[in-house]
Trainee: 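What follows is a single structure, and I will ask about it in a moment.
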Amino acid sequence: MVTIYGCLRSRATRPIWLMYEAGAEFRHVPVIQSYRLPDPAAADAPFHTASPGFLAVNPQGQIPAMQDGDLVLTESLGITLYLARKLGGDLGPRDAAEDALAVQWALVGATAVETPAIDILSTHSKGLAGTEDGARTIAAAQAALVRPFTRLEAHLQGRDWMMGDRFTVADIVLAECVRYTTAQADTLDPYPALKAWLARCQARPAFQHMWAQRTAEPM
Ligand SMILES: N[C@@H](CCC(=O)N[C@@H](CS)C(=O)NCC(=O)O)C(=O)O
């Protein structure tokens, strides 16, 4: 059985959302980031990213990680794409062209969206959005998002989903990068099709199920 390591307050949301969409069984080990613990060395500390047992799975000490038989993967987007291909069905790519498109949208997420999106999210989560520095960081991140978001906005004209005519892994890998930008409420306002697409993705029962579990996890 596939094992996914990583609490849901992490990029483990990506493969776990996919597994819920597929209705696939998996073992979930909710490893927590060591930096979130007051004393990671304490005897009663939960299993975390610097625990020897987890470093034996991912020596990089980051979540998510996935084990499927002898295969260990340690990049959230690689894990999510692998699981979509393995599970097959409508969520995964149907042919080489769709496979390339799914990889393309994952790379747009990882290379063009994720870094500025996390800048926005972390500025808010550190309570700095109201400061001069924080406002500058958010404005710079929103400026960096203009090119990828304009491209996504154009792509979504007249279509509901990123790839083909159905919800797929391409939507999951991209939506979980775009989500971080919504920490700043006005970020998606200039991109109504992108905003509507994200709302469609997040209205799905599998996302809602994952999100309820994530919300129930300690901060
Ligand atoms: N590019 C990696 C990033 C992994 C990553 O940064 N994970 C964070 C949680 S979302 C983590 O494990 N942080 C703990 C640490 O770096 O010590 C991926 O997408 O899987």
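We count residues from 1, following the sequence as given. One-based numbering, in listed order, for ligands and for the atoms of each.
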Trainee: Considering only heavy atoms, which of Leu77, Leu73, Ile63 lies nearest to atom 4 (C) of ligand 1?
Mentor: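 Checking each option, the heavy atom nearest atom 4 (C) of ligand 1 is found in Ile63.
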Trainee: List ligand 1 atoms under 4.0 Å from Pro64, heavy atoms only on the residue side.
Mentor: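 In order of number, 20 (O).
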Trainee: Could you name the option among Glu176, His48, Met66, Gln62 that has the heavy atom nearest to atom 16 (O) of ligand 1?
Mentor: Gln62
Trainee: Of the protein's non-hydrogen atoms, which lies at the shortest distance from atom 10 (S) of ligand 1, and what is that distance?
Mentor: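 Nearest neighbour among protein heavy atoms for atom 10 (S) of ligand 1, to 0.1 Å: Arg11 NH1, 3.1 Å.
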Trainee: Taking only residues two or more places apart in sequence, or in another chain, which ones meet Trp197 in a ring-ring contact (aromatic ring centres under 6.0 Å, His included)?
Mentor: none
Trainee: Could you check atom 20 (O) of ligand 1 against the protein and tell me its nearest heavy-atom contact, residue, atom and distance included?
Mentor: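 Nearest protein contact, heavy atoms only, for atom 20 (O) of ligand 1 is Ser76 N, 2.8 Å.
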Trainee: Can you tell me which residue pairs pass the salt bridge (charged side-chain N to carboxylate O under 4.0 Å, His left out) test with a partner in residues 81-90, sequence neighbours excluded?
Mentor: Asp68-Lys86, Arg85-Asp99, Asp90-Arg94
Trainee: Please report which non-hydrogen protein atom sits nearest to atom 1 (N) of ligand 1, along with the residue it belongs to and the distance in Å to one decimal place.
Mentor: Glu75 OE1, 2.9 Å
Trainee: Using 0.5 Å steps for rounding, measure from the CE atom of Met163 to the CG atom of Leu174.
Mentor: 12.0 Å
Trainee: Do the numbers put Arg200 on top of the ring of Trp161, so that NZ or CZ is under 6.0 Å from the six-membered ring centre and no more than 45° off the axis?
Mentor: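 Satisfied, under 6.0 Å and within 45°.
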Trainee: Between Arg11 and Glu176, does any NZ, NE, NH1 or NH2 come within less than 4.0 Å of an OD or OE carboxylate oxygen?
Mentor: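 Result for this pair is no, no salt bridge flagged.
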Trainee: Can Ser76 and Arg14 be counted as having a side-chain donor-acceptor contact under 3.5 angstrom?
Mentor: yes
Trainee: What residue and heavy atom of the protein are closest to atom 17 (O) of ligand 1, and at what distance?
Mentor: Gly61 O, 3.8 Å
Trainee: Say whether Ser10, considering both its backbone and side-chain N or O atoms, lies within less than 3.5 Å of an N or O atom on ligand 1.
Mentor: no
